[in-house]
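Accompanying notes for the structure given below.
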Number of protein chains: 2
Amino acid sequence: MPSHGRDVHGATKAAECLSCYLKALCVPQGLSPDETALLDDLVFPPIRLEKREVLCVQEAPFDSLYAVRTGCLKQETAVEGAENLLTALWLPGDIIGCDAIGLGRYPGTVSALETATLCKLPFDQFEALTQRMPRLRRHLQRSISRAMHEERLSLHQLLCRTAEARLAYFLLAVSACFHRRGYSSSHFRLPMSRNDIGSYLGLTQETVGRTLAAYQNRRLLRVHGREYQLLDIARLERLASSTGRQKKL
Amino acid sequence: MPSHGRDVHGATKAAECLSCYLKALCVPQGLSPDETALLDDLVFPPIRLEKREVLCVQEAPFDSLYAVRTGCLKQETAVEGAENLLTALWLPGDIIGCDAIGLGRYPGTVSALETATLCKLPFDQFEALTQRMPRLRRHLQRSISRAMHEERLSLHQLLCRTAEARLAYFLLAVSACFHRRGYSSSHFRLPMSRNDIGSYLGLTQETVGRTLAAYQNRRLLRVHGREYQLLDIARLERLASSTGRQKKL
DNA sequence: CGTACAATTGAAGCATTTCAACGCCTGTGG
DNA sequence: CCACAGGCGTTGAAATGCTTCAATTGTACG
């Protein structure tokens with residue numbers, strides 16, 4: 001494990017972190033300048049991952065959280081008796097590793113879907129820092145709790161929905177995420193294969209493709225490879241929040 | 001909010017909590033006697049909820065965690081555009097409210113499926129206490145992180161599985177939970193209606209019933225109303241860990 | 001004993017998977 | 001330059017599994 005503190009990167013680190021447009025998402029609001037400086041010391045200079053490069057492998061000991069600055073990463077978990085399952089997807093502003101704290105190991109293999117940059121946050125140092133900055137820990141705890149609820153709710157909703165509703169839900173979630181980061185919410189590139197999407201939603205690649213084609217015929221969106229353009233978000237939202245099935249009275 | 005500390009219940013509280021067989025699950029291991037005493041002060045005397053009684057309603061401000069001592073509770077979340085969704089299920093030893101910390105509100109209405117007893121843990125006092133006992137907070141954080149991963153994984157697995165595999169998975173999870181608490185793992189009462197189970201797994205009540213009947217015909221288990229007896233756990237496990245579909249190549 | 005709710009069963013329709021075939025693009029090696 | 005392989009996406013047809021709807025039986029509780 002590399003040494004931390006003010007090393008050769010010391011001069012630029014604070015500047016980078018402060019200028020990072022994700023700052024508000026990674027760290028709690030309302031830290032004093034002193035506190036901010038302390039946190040900055042922890043954050044390593046951004047890591048760059050090329051497409052298909054691996055950040056961590058399943059079962060590797062957990063040691064760091066990572067904040068996504070740019071790009072898109074996926075987590076694949078191998079479960080016995082089945083092939084790999086795409087269990088998580090991270091876009092800019094997300095924090096990787098929250099699901100590894102309890103286990104002490106990374107619960108899946110994380111790799112970049114396209115060139116990505118990340119901030120590394122060694123967890124033991126982060127923990128030590130929270131002794132002096134309780135807000136920091138509370139912030140993380142809240143994020144995790146919130147993510148837990150959102151994920152629980154969305155997955156339970158998806159369980160009883162048709163492919164049509166699942167995909168609409170998924171695309172809108174991605175769209176909302178991009179929007180929050182300042183990107184366009186209606187026009188974006190999602191560098192996942194149909195297979196990846198299917199694995200994430202519990203569908204086959206054929207069904208994903210067919211459903212996208214059906215959307216296009218209905219002028220709800222346009223897809224070209226992995227470029228998506230949402231044309232009628234209101235209608236997509238209606239699709240996403242219905243089960244997709246004919247009402248049962 | 002009721003006052004805490006050594007009140008009329010002061011004399012019995014510590015004794016109750018120490019004798020609770022769930023203690024190892026609620027509190028971190030290795031606390032000193034002093035620390036244990038401090039924690040005991042926080043825990044209210046067990047609350048008793050009758051069947052169908054409500055612990056908290058959706059959107060109510062979050063103020064306490066609850067540890068389940070006996071009984072079984074469910075969480076129903078109302079989402080617009082659909083009927084209620086059963087989003088969580090708690091058995092003895094589980095902690096209620098982890099998904100409310102981030103939101104600051106309870107994300108669903110929690111009610112007892114049968115008579116239940118609970119320990120109430122006011123969260124602000126718990127937070128204050130963690131200042132003196134970092135282990136306590138770390139313990140909670142780990143539990144939450146672990147639960148997050150387990151839930152993420154299991155729900156993603158369920159998404160691509162047949163009713164047969166979903167039910168087997170569910171019954172084994174319940175069985176394992178009872179086993180961990182010292183109850184029989186093969187013979188238990190699960191006081192949920194077919195509808196509840198269906199809502200939790202994203203199936204209809206008819207499918208749940210039919211699948212249970214099919215299990216019975218294959219001598220995998222016996223069901224009588226809400227009494228379950230697992231006869232062939234090994235075979236159920238094989239069912240649960242396969243998708244239930246004919247292999248794709 | 002009767003009502004209300006829960007569970008079961010049957011039949012029909014629908015959605016998704018499976019399997020197979022094809023087109024497209026990219027990179028590789030001749 | 002072309003030929004070709006491999007990955008990815010698309011499309012079609014058949015089979016499977018689940019839902020829907022409706023009718024019936026069973027069970028709990030006044």
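Letters go in sequence order (proteins before strands), and every chain restarts at 1. Because the structure is predicted, anything quoted here is derived from the model rather than measured.
A donor N or O paired with an acceptor N or O is found under 3.5 Å between the base of D:dT20 and the side-chain atoms of B:R210. With hydrogens and angles ignored, no donor-acceptor pair closer than 3.5 Å exists between the side chain of B:R161 and the base of D:dG17.
Listed candidates were C:dT9, D:dC8, D:dG12. Nearest to the side chain of A:R226 is D:dC8. Here the side chain of A:S193 is nearest to one of C:dA7, D:dG9, C:dT9, namely D:dG9. Out of D:dT19, C:dT16, D:dT11, the shortest distance to the side chain of A:T162 is found at C:dT16. Of the candidate nucleotides D:dC18, D:dT10, C:dT8, C:dT8 has the atom nearest to the side chain of B:R194.
Rounded to whole angstrom, the span from the CG atom of A:L167 across to the C1' atom of D:dG9 amounts to 14 Å. The NE2-P distance, from A:H224 to D:dT10, rounds to 10 Å in whole Å. Atom NZ of B:K51 is separated from atom P of D:dA28 by 10 Å (rounded to the nearest Å). Look at CG on B:N217: it is 12 Å from P on C:dT8, rounded to the nearest Å. A:L113 has its CG atom 18 Å from the P atom of D:dG7, to the nearest Å. Protein atom CD of B:E206 is 14 Å distant from nucleotide atom C1' of D:dG17, rounded to whole Å.
The number of heavy-atom neighbours closer than 6.0 Å to CZ of A:R218, taken from other residues, nucleotides and ligands shown, is above 12. At most 12 heavy atoms of other shown residues, nucleotides or ligands fall within 6.0 angstrom of atom CZ in A:R48.
Phosphate proximity of C:dT16 to A:T207: absent, as no side-chain N or O sits under 4.0 Å from OP1 or OP2.
Nucleic acid contact class of A:G202 (heavy atoms, under 4.0 Å, all strands): sugar-phosphate only.
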